[in-house]
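Encoded as structure tokens, the structure appears first; notes follow it.
Below, read A as the first sequence line, B as the second, and so on, with proteins coming before strands; counting in each chain starts at 1.
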Amino acid sequence: METEFIPIDYDYFDFESRNYIRIFGRDKIGRRICVIDDFEPYFWAILKDKITGKKTKEVIDYVKSISFENKGRETKVERVEEKSKFFLGKKVKALKIFGTNYKDLHDIADRLGISEIEKRRGYDLGLITSYIIDKKIYPMRWYKISGDVLNNSSDFGGIDNIIGTEFVIKLTKKEEIKNETKFSPKVLAYDLETDSLKPEKGEILMISLFSNNFKKVISWKKKQTSKKYVEFVKNERELLEKFSEEVKKFSPDFLVGYNSDNFDLPFLKTRAKILRVPLPLGVDSSEPKISRGISMRAKISGITHVDLLKFIKTTYSQYMQSESLSLNEVSKEFLKDSKKDFEIAHSSKVKDWDLYFEYNLHDSDLTFQLFEKFWPDIIEFSRIIKEPIFEISRNGLSKQIESYILHNLEEFDEIPEKKPGVNEIEERRKRAPVEGAFVYEPKPGLYENLVMFDFTSMHTSIIISHNISKGTLTDSKTNSIKSPEVNVGGKKRIFYFSKNPGFFPVLLKEIFEKRKKFKEDYKNNPNPITKARSNAFKILSASAHGYVGFFGARYYSWEASSTILAFVRKYNIETIKKIEEAGHRVIYGDTDSVAFTRENKSKKEIRELLKKLNEELPGVMHIELEDFFKRGLWVKTRSGETGAKKKYAMIDEDEKIKIRGFETVRRDWCELSRITQNQIIKLILKEGNEKRALEYLIKIVEKLKTRKIQKKEIMIKSQIKKPLESYKSITPHVIAARKMQEKGIPVEILSPLRYYIAETNTKSKLVRDRVKLEGDPGEYDLNYYLEKQIIPSAENIFQVFGINIKEILDGKKQESLKKWF
DNA sequence: GGATACCCTTTACC
DNA sequence: ACGGGTAAAGGGTATCC
């Protein structure tokens with residue numbers, strides 16, 4: 001049989017001790033196909049330098065003789081090839097050792113502790129990754145495949161009889177169809193409503209399913225509704241059965257939930273176990289498998305289970321405005337839609353079941369829409385990184401970049417480095433932290449006519465331009481690049497990096513250039529696909545330095561990471577100096593940026609200065625003009641006399657305001673302070689003086705004092721970041737969380753908290769003794785909101801103009817107050 | 001018993 | 001344990017006199 005095929009999900013099975021890969025995907029007319037392929041697992045043994053040809057033959061003969069039984073499998077070295085390769089950029093002689101079963105490679109490697117073998121590598125990539133690297137059948141790309149259809153065959157123990165796809169094909173040939181990218185997957189979103197967050201303590205009340213032209217809520221507790229999409233079953237057991245049935249009938253490529261790795265799927269599985277009912281969600285009717293690492297991952301055979309929260313969190317949260325990653329906030333930002341208003345209650349207390357059904361369905365609806373929204377990003381990531389969507393939708397940034405490297409080592413003939421073991425990780429973590437970037441201490445004030453320069457992808461361009469990596473680090477002072485001085489345990493040290501291009505900087509250069517190209521593509525042809533591609537390379541490019549300094553990375557290097565940062569500091573400080581020498585006053589700079597006054601220079605002259613600065617930079621390093629600004633505001637720190645770093649506000653020539661670090665942008669300040677400060681900053685930047693801002697402040701204070709401020713505006717928002725019991729310091733937000741628990745509202749890590757500081761008759765001076773939850777009756781503590789919220793957020797701004805707002809508000813300085821009215 | 005330095009905690013910037 | 005260091009800031013806690 002011959003057909004087109006797009007691989008979506010990969011797994012494997014063993015048959016007669018060998019590994020076989022199952023790839024699930026579709027053909028052009030939407031039929032589900034399972035492709036079975038064989039796989040010859042291998043790893044590398046790197047030989048010591050001076051091993052002679054004769055000795056090599058002896059080693060090969062020894063390696064070939066390895067054969068043993070492992071976990072009931074007959075396993076052995078199948079064959080050995082001698083190859084010339086590179087390891088960390090150094091030329092090496094290596095043996096490519098093929099074993100019977102991937103899972104035994106490590107044990108084979110353990111038997112190779114002989115003096116002629118220097119290192120053993122490549123047995124820890126993961127079976128699927130290894131397979132994809134070897135056979136080059138990449139996820140989410142189209143192939144023309146041919147193979148034999150298994151039909152009621154006894155091959156592989158009759159595997160085709162249990163796989164519920166239209167065809168099961170044993171692969172014989174494949175060829176990529178270039179430039180063919182169009183693919184519309186079948187996507188089903190789902191969401192549970194339960195009586196408890198713990199499956200041992202509460203039943204599943206209903207499950208909603210949502211897709212294109214498909215909506216359904218299955219429920220059992222209440223059996224009357226006006227909603228047509230609700231289907232009732234007898235009890236919770238039938239609910240679970242019905243859910244499996246519906247998923248099977250729909251046959252999705254992607255089953256999508258929100259926080260479903262942690263909640264929905266584990267909950268379903270546990271309830272099924274408690275009720276002793278099967279949950280055959282897999283295409284082979286297998287149960288979902290929950291793996292427990294740092295965080296849980298829920299896998300379903302043949303269907304890619306996507307937990308959208310994880311993808312958004314790891315890959316996109318840093319570029320988002322949402323104040324939390326809740327489905328509600330994220331939907332507001334990306335869909336301009338939000339969850340249905342419904343107060344979740346225990347099923348015994350629910351009054352409006354119709355609304356509950358609607359709420360449940362709408363959650364699936366939002367999840368589905370979000371998946372559609374992020375689909376271009378998800379598929380581009382998978383294509384670029386060459387890992388299945390199950391992986392890329394869950395992996396952190398360091399894993400993404402590492403996968404990209406592993407899939408591209410072949411072009412350099414590089415043998416992969418191994419993952420660090422627990423001891424190695426422990427040692428890396430014990431090392432002194434790498435000294436970070438430089439932040440310029442601003443001189444507080446309101447400035448006119450500003451310019452901001454910044455380095456484009458600074459860390460990445462430094463790695464590329466100076467060939468910095470674990471592999472290029474060398475002892476040799478000739479033909480090498482010198483690092484700036486690095487502080488190592490109080491001593492100044494210099495590191496050297498070879499000038500011979502290393503695979504890591506070269507690969508990064510490819511990413512960097514693709515980033516530039518796709519950014520251009522997006523500008524010229526803006527659409528979700530070009531945007532996603534541009535974004536994916538942006539994210540990969542931006543994560544490179546973090547990867548080098550991450551203790552869990554295969555290509556971690558303290559020396560490389562320290563050198564990158566030393567260069568970051570050096571270039572930033574040098575640029576500041578050069579700008580000052582050109583006659584400008586530098587106001588501020590953080591890591592890769594410099595803000596300075598334009599003085600009497602024209603825009604043209606500024607562009608010429610930029611050009612000159614760029615000519616003096618090496619390699620791909622580049623400074624760009626971020627913008628011209630009409631005005632900018634910098635303030636002092638609350639305590640002390642120094643200028644506050646990471647806090648400033650600027651207005652550009654289109655009146656667009658950029659605010660960084662101020663309380664306005666901090667979620668843990670109440671709305672009243674945030675809005676008030678925001679207005680004050682806006683008025684000052686627009687007017688160029690503080691007059692109207694002060695009038696505004698006085699009005700707000702008056703409103704506060706006469707208790708005309710709405711309750712909503714004084715809520716303080718925060719989050720619990722670790723288990724509630726583990727807090728050493730009992731702060732107001734911990735008290736708020738405890739109060740929520742007392743009310744029976746579950747508090748988990750990252751649970752949003754909303755509380756206010758109330759007037760109470762307690763003698764205690766502690767703020768925490770005045771904490772009340774959002775719904776609790778009470779009056780706000782006027783003094784607290786004045787002294788601890790409004791005044792602090794405004795006073796150092798007015799200080800810039802020599803105004804002490806405390807004195808004005810206290811009425812002590814009637815004279816200066818008169819000046820304003 | 002009050003002032004203060006320090007620690008814990010969250011959130012932001014790049 | 002799952003990208004990092006730098007920084008501001010509030011509130012609690014320990015420590016001093």
Nucleotide nearest [X] when distance is taken to its side chain, options [options]:
X      : options               : result
A/S718 : B/dT11, C/dG4, B/dT9  : B/dT11
A/V439 : C/dT6, C/dG10, B/dT11 : C/dT6
A/S729 : B/dA12, C/dG12, C/dA9 : C/dG12
A/K647 : C/dA8, B/dT11, C/dT13 : C/dA8
A/P732 : B/dT11, C/dG11, C/dA9 : C/dG11
A/D592 : C/dA7, B/dC14, C/dG10 : B/dC14
A/W669 : C/dG4, C/dA9, B/dC13  : C/dA9
A/Q719 : C/dC2, B/dC14, B/dT11 : B/dT11

Within the pair [X] and [N], is there a side-chain N or O less than 4.0 Å away from OP1 or OP2?
X      : N      : result
A/K646 : B/dA12 : no
A/K721 : B/dT11 : yes
A/Y648 : B/dC14 : yes
A/H733 : B/dT9  : no
A/R768 : B/dC8  : no
A/K788 : C/dA9  : no
A/Y784 : C/dG11 : yes

In whole angstrom, what separates [X]'s [atom1] from [N]'s [atom2]?
X      : N      : atom1 : atom2 : result
A/R667 : B/dT9  : CZ    : P     : 18 Å
A/D668 : B/dT11 : CG    : C1'   : 5 Å
A/K538 : B/dC14 : NZ    : C1'   : 12 Å
A/R770 : C/dG12 : CZ    : P     : 9 Å
A/D590 : C/dA8  : CG    : P     : 11 Å
A/R554 : C/dC2  : CZ    : C1'   : 14 Å
A/I539 : C/dG4  : CD1   : P     : 17 Å
A/R660 : B/dT11 : CZ    : P     : 18 Å

Please classify the nucleic acid contact of [X] as base, sugar-phosphate, or nothing, using heavy-atom distances under 4.0 Å.
X      : value
A/F550 : sugar-phosphate
A/F438 : nothing
A/V434 : sugar-phosphate
A/S543 : nothing
A/K722 : sugar-phosphate
A/I730 : sugar-phosphate
A/I401 : nothing
A/G552 : nothing

The Watson-Crick or G-U wobble partner of C/dG3, with both key distances under 3.5 Å, is none

Does the plane of the ring in A/F453 sit parallel, tilted or perpendicular to the ring in A/F596? Use 30° and 60° as the thresholds. perpendicular

Assign the ring pair A/Y316 / A/F311 to parallel, tilted or perpendicular, where the plane angle (0 to 90°) is split at 30° and 60°. tilted

Would you call A/E485-A/K570 a salt bridge at under 4.0 Å N-O? no

Could A/E417 and A/R121 be called an ion pair, given the rule that one side-chain N must be under 4.0 Å from one carboxylate O? yes

So A/H305 and A/S260, side chain to side chain donor-acceptor pair (under 3.5 Å) or not? Walk me through it. CA-CA 9 Å; A/H305 176 239; A/S260 50; 3.1 Å; yes

Between the base of B/dT11 and the side chain of A/R666, is there any donor-acceptor pair under 3.5 Å? yes

A/R428 side chain vs A/F551 backbone, donor-acceptor pair below 3.5 Å: yes

How far does the P atom of C/dA1 sit from the matching atom of C/dG5, given to the nearest Å? 15 Å

Is A/K299 close enough and on-axis enough to A/F390, meaning under 6.0 Å and within 45°, for cation-pi? yes

Nearest-nucleotide wise, let me know which of A/N796 and A/T731 is further upstream toward the 5' end of DNA chain C. A/N796

Given the rule in the side chain to side chain contact (heavy atoms under 4.5 Å, CB included) test, do A/T642 and A/K636 qualify, once you have shown the distances and angles that lead to the verdict? CA-CA 6 Å; A/T642 57; A/K636 278 184 192 167; over 6 Å; no

